Amino acid sequence: MALTVCTWNINSVRLRAGLVERLLREAAPDILCLQETKTPVDKFPAEPFAALGYHALAARGDKGYNGVAILSRAPLEPLPHVDFCGKGDARHVAARTGSGLEIHNFYVPAGGDEPDRNINAKFAHKLDFVAEMADWGRGRAGPAIAVGDLNIAPGEDDVWSHRELLKVVSHTPVEVEAFEKARAAGGWADVTRDLTPEGKLYTWWSYRAKDWALSDRGRRLDHVWASADVAPTARRVTVLKGARGWDKPSDHAPVIAEFDL
DNA sequence: ATGGTGGAAGGTCCA
């Protein structure tokens, strides 16, 4: 049975509900995981998505910041979220599908500008969060897919210039090390890279570029991880780069993964 | 080396 899971940092789901509707119409994933919804749950625009058949929603939200949501056509069983770093912010939401597959949706802290945990509390938070993801993954079992904006581009081909980004938050060696540790500790496969082992691959392009497509200075910040039992069923992962060029876009493109479960 | 843009706010904060 085929299952498609999409992850997308939407950068305000209220402002961009129309773009979400377009994605649901055009790509029609079975499950859509959103990050940076930037809204409390009681103001989440659930109705237009339900009208397209996405009746199941597991969402958490903060006013103005963070926020994660899982949309599905088939019913979801909500799972308890993990309060990474004990801050009570809405950076993780989880649910189980009818077939017993766990879906975990993450929004990892961006980490600020200065890649030094001693002078930048945001960077320390990011490293601590990812370290806790390793502990969490180590203690977890069963078929699962973990997606989200992890705000780290781990590989040399996951950034437009490895050399120029070595000291830029998102691609520093300490972040890449933490990322790999979290991935390995949970037994996760980086499905996107496993299916596309070579070549540049980005999911995010800054708003600050004059012409994001022309300069193409992207980073692969959005990830699809699968547990060891699920990973072999992955068939294809696609970055919907076109969505970065939609009107009033998010700075992230959706990533869609197809599994044959 | 710097600043560039965008969202939620309706301050600045965050990305």
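Because the structure is a prediction, the values reported are computed rather than measured. Within every chain, numbering begins at 1; the chains are lettered A, B, ... in the order of the sequence lines, protein sequences first and strands thereafter.
Summarising the geometry, the separation between CH2 on A:Trp212 and P on B:dG6 is reported as 14 Å, rounded to the nearest angstrom. Computed from coordinates, the A:Asp251 CG to B:dG7 P distance equals 9 Å when rounded to whole Å. Rounded to a whole Å, the CG atom of A:Leu150 is 16 Å from the C1' atom of B:dA15. Between the CG atom of A:Asp89 and the P atom of B:dA15 there is a distance of 10 Å, rounded to whole Å. Distance, A:Asn151 CG to B:dA15 P: 8 Å, rounded to whole Å. In this structure, A:Phe123 atom CZ and B:dA15 atom P are separated by 13 Å, rounded to whole Å. The distance from atom CG of A:Asp113 to atom C1' of B:dT2 is 12 Å, rounded to the nearest whole Å. Between the P atom of B:dA15 and the CZ atom of A:Arg244 lies a distance of 18 Å, rounded to the nearest Å.
Sequence neighbours left out, the pairs with a member in residues 127-139 of chain A that pass side-chain hydrogen bond (donor to acceptor under 3.5 Å, both in side chains) are A:Arg117-A:Asp128, A:Asp135-A:Arg138.
Cation-pi geometry between A:Arg217 and A:Trp160 is satisfied (NZ or CZ under 6.0 Å from the ring centre, within 45° of the ring normal).
In A:Arg235, the CZ atom is crowded: over 12 heavy atoms of neighbouring residues, nucleotides or ligands sit closer than 6.0 Å.
Considering only side-chain N and O atoms, A:Arg16 lies nowhere under 4.0 angstrom from the phosphate OP1 or OP2 of B:dG6.
With hydrogens and angles disregarded, no donor-acceptor distance shorter than 3.5 Å links the side chain of A:Tyr107 to the backbone of A:Val68.
Comparing A:Pro109 and A:Ala209 by the nucleotide of DNA chain B that holds the closest heavy atom to each, the one mapping nearer the 5' end is A:Ala209.
Residues A:Gln35 and A:Thr7 bring a donor and an acceptor atom of their side chains to less than 3.5 Å of each other.
Going from atom OG1 of A:Thr203 over to atom CG of A:Leu150 covers 9.5 Å, rounded to the nearest 0.5 Å.
Rounded to a whole angstrom, the distance from the C1' atom of B:dA8 to that of B:dT2 is 26 Å. Between the C1' atoms of B:dA15 and B:dG4, the separation comes to 14 Å (whole Å). If you take atom C1' in B:dG7 and the same atom in B:dG11, they sit 15 Å apart, rounded to whole Å. With C1' as the reference atom, B:dA9 and B:dC13 are 9 Å apart, rounded to whole Å. For the P atom pair drawn from B:dC14 and B:dG10, the interatomic distance equals 15 Å after rounding to whole Å.
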Atom pairs under 3.5 Å, N or O on each side, protein against nucleotides 8-14 of chain B: can you list them with distances?
| residue | atom | partner | partner atom | Å |
| --- | --- | --- | --- | --- |
| B:dA8 | OP1 | A:Ser12 | OG | 2.0 |
| B:dC14 | OP2 | A:Lys122 | NZ | 3.3 |

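Using the six-membered ring where Trp is involved, A:Trp225 and A:His223 have ring planes that are tilted, between 30° and 60° apart.
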